[in-house]
Amino acid sequence: MLPILPPILVFCLALAPSSAPPAQKKAKSVEPPTVSQTEVDAAIERGSAWLLKTLGTQGVGTWGGRPGALALVWYTLLESGVPADSEEFEPLRKALTLDRFIHTYDTSIWILALAKDDGLRNFAKIRDATTVLLEWQEKGGDWGYPHNPDLSNTQFAALGLWKAAHLGVKIPPWVWRDLAEGVLRYAAKDGGFGYRPNGQSTMSMTAAGVGTLALCEKELRAAGELDDKFAKRLLHGRSDGMRWLIKAFDNGVSVNRLGSWSLYALYGIERVGAFAGLNWIGDHDWYAVGASSILAAQASDGSWSNDTPGTCFALLFLKRATAMDRPGIAFTGADRPKRVEAGPSHAVCWLRADGDGPVRVGVDHWKWPALRAFERSGERGKGPRIERVDYVVDGDTAMVVLADGQRAMGNARYRVDLWFDRPGVVEVKARFHVRPDDKGELITLESAPLQVEVRHAVPERVSQLGGAFGRNLMRNNSKLTASSVHTGNKGLPRKRYSPERVIDGDPATAWFSREGDKKRSLIVRLYKPVMAGAVVIYPPRVKGMAPEQIALPDLIEVLINDDQQHALILGRDQPAVLDLPTPIEIKKLQIRLVHVKAGSDSSAGGIGEIGLYGPLR
């Protein structure tokens, strides 16, 4: 039995359990449904208009108990092409603050919305929200509400982490490995995935399992942290899940057939296509199948069943919200490009870069004579079968793209958005991993190098301070005492700012000392000593107050085990990090605010969050 759900984002539950489609012979290749871009664009415009009308009618206040729902509407409208500076969004920006997000769904979707709105401007919020998500990751690698984990919450947490990492938040590789291990536990005997471990397979959860495993593989490969043994486990899990999905598509996929949660399931299929690099599921063009069914189910008012979350999921599918590239069209015969340019003799293509930060990089055109030797029999003129593309910047892998190794590449461009941590000229290459036959080894082909001039680099605070350090070893393992506690007068709105607020996983809550306290200190005693390699301290935040209004402890003294003494400089928009040379066993921390810079409305010193972590890896 599923748990009683909180009122927030009930809409994100999985499909009701159902039996897997019965095994059957491989379906014959069928013509995909005809869906024109004109029809899709018109449906998106009608759906967006309905969402905007609903938002204007109900207002932000009416949605007050469901911040995740508001974030989902905001994110969907942005993805649907509504300009970020639209006046309808201003109340959302003011209403949606981190202290309102207490569930995994909400926090993850808020990250998506903030990144789409303006990733760099909203980076501090994205970093803090990412830190909260990482605090909520269970020991098994999955996520719950934040407790009582399930695969639905887990896939949204993965989506939020992916978007944050894509912007520049540093996610430790072990987070992705733990996540993948957690997802594999949801695999059922029939190859699909369930809402809980050992549960019945459903379309939505199988899509969640396959898509999240593909995402973990991409991130681990890009970090150089995927060994062959674990890669085989991921491939096995994805392959079993894909066979389940193929059977489901063979039996017929439509909004009416899948039931009330069908739009949620199809949005999961969109992520499978994006993360696994698939345009087809078996012999089915998944986008054409899903889009034709979604278009047929749209109501005359532009919504889907007058349901806000369902309408959002439909629009996100139609917009391919997760994908950075659209499928290409194969060149054959006389359609092949005639242009041949000078370049390295071994290069199989030339790249193109657009923008100066972030930079969208992809294949400009292919060198077809160089590809011919790697094409399979019967696929001449369609290109080789590419399984993976690595984008390499100045010799280091920056991003990995998974591709459909079961089909010829066609005219795929494999476009990606790359952020850079410094301005200047960098060299970008693409490496294509090709398997010329089923039994052969992978062969690596390379593009010609491309010199890219970066003018707008990610600020240093983004590239070097992700705020994602792992699990806080102090949580549920410490007793805190403070020299004093602010009672909420003289510039601060709350009645009490107790020390426990610095270990609740939320940088938007804080401890403040009483004004006039000369000690201004916290003592943390751990019930069980831990081996730690880093202490991280976040600046204080208060709901409804700008950072400049709050007093900032810009110089902090940290005393470890009554012995080791360290000084830290704290900024307004980034944490202070004490990275210990070697991990030590920590029993006690004493933190003293040596100097406090008064804010415009308050002079009481305080701290937003304290973290004690293992070695920064």
Side-chain angles (χ1 to χ4, degrees), residues 15 21 24 26-48 76 79-81 203-204 206-208 210-211 214 241-259 261-299 302 304 310-332 335 379 382-383 385 402-415:
L15 286 171
Q24 62 182 60
K26 181 177 172 64
K28 294 181 180 179
S29 181
V30 294
E31 288 295 324
T34 301
V35 179
S36 73
Q37 191 61 49
T38 300
E39 292 176 302
V40 170
D41 291 343
I44 292 172
E45 185 175 352
R46 293 196 302 272
S48 300
T76 301
E79 285 287 359
S80 298
M203 170 75 83
S204 58
T206 302
V210 173
M242 283 304 303
R243 280 190 285 270
W244 196 99
L245 290 175
I246 289 171
K247 291 178 182 179
F249 270 77
D250 287 348
N251 283 347
V253 169
S254 71
V255 171
N256 293 330
R257 184 180 179 87
L258 291 179
W261 290 104
S262 55
L263 296 170
Y264 178 57
L266 287 172
Y267 177 39
I269 293 295
E270 185 272 336
R271 294 195 299 279
V272 170
F275 291 141
L278 301 175
N279 297 325
W280 297 78
I281 292 180
D283 292 304
H284 305 277
D285 180 333
W286 61 262
Y287 182 79
V289 171
S292 63
S293 179
I294 287 175
L295 293 181
Q298 188 176 25
W304 278 264
T311 298
C312 290
F313 296 141
L315 293 174
L316 292 171
F317 178 96
L318 293 177
K319 283 298 294 185
R320 292 179 179 263
T322 316
M324 283 183 282
D325 200 7
R326 293 292 180 89
I329 301 173
F331 282 132
T332 57
D335 294 329
E379 297 178 350
K382 298 181 180 179
R385 296 188 180 188
L402 300 184
D404 188 353
Q406 302 300 310
R407 297 176 181 274
M409 68 172 196
N411 192 35
R413 302 296 183 171
Y414 304 110
R415 297 182 181 92

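- No donor-acceptor distance shorter than 3.5 angstrom exists from the side chain of Glu270 to the backbone of Leu316, with no hydrogens or angles considered.
- Ala207 and Ala265 make their closest contact through CB-O, 4.4 Å (heavy atoms, listed as atom of the first residue, atom of the second, distance).
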For Phe275 and Thr322, what are the C-alpha separation, side-chain angles and deciding distance, and is it a side-chain contact (heavy atoms from CB on, under 4.5 Å)?
CA-CA 8 Å; Phe275 291 141; Thr322 316; 3.5 Å; yes
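- Here the straight-line distance linking atom CE of Met409 with atom NZ of Lys382 works out to 12.5 Å at 0.5 Å rounding.
- Side-chain atoms of Thr206 never come within 3.5 Å of backbone atoms of Met203 as a donor-acceptor pair (strictly under, hydrogens ignored).
- Annotation for Val35 and Ala291: closest pair CG1-CB, 4.1 Å, computed over non-hydrogen atoms.
- Side-chain contact check for Ile269 versus Ile281: some heavy-atom pair is nearer than 4.5 Å.
- Note: Phe249 and His284 have tilted aromatic rings, judged against thresholds of 30 and 60 degrees for the angle between ring planes.
- The shortest heavy-atom contact between Arg407 and Arg385 is O-CG, 3.5 Å.
- Remark: Gln37 CD to Ile44 CD1 distance equals 7.0 Å, nearest 0.5 Å.
- Minimum heavy-atom separation, Ala314 to Ile294: CB-CG2, 3.9 Å.
- At distances below 3.5 Å, at least one donor-acceptor pair connects side-chain atoms of Trp286 with backbone N or O atoms of Leu278.
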side-chain contact (heavy atoms from CB on, under 4.5 Å) evaluation trace for Leu315 with Glu79:
CA-CA 8 Å; Leu315 293 174; Glu79 285 287 359; over 6 Å; no
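- Contact record, Ile246 with Gly282: CG1-N, 3.6 Å, taken as the closest heavy-atom pair.
- For the pair Thr311/Thr76, no side-chain contact is recorded, criterion being any heavy-atom separation below 4.5 Å from C-beta on.
- Looking at Gln298, its side chain does come within 3.5 Å of a backbone N or O of Ala43 through a donor-acceptor pair.
- Side-chain contact between Gln406 and Trp280 is absent, with no heavy atoms from C-beta onward closer than 4.5 Å.
- Tyr287 contributes a side-chain N or O that, together with a main-chain N or O of Leu318, makes up a donor-acceptor pair within less than 3.5 Å.
- Atom CG of Leu295 is separated from atom CH2 of Trp304 by 7.0 Å, given to the nearest 0.5 angstrom.
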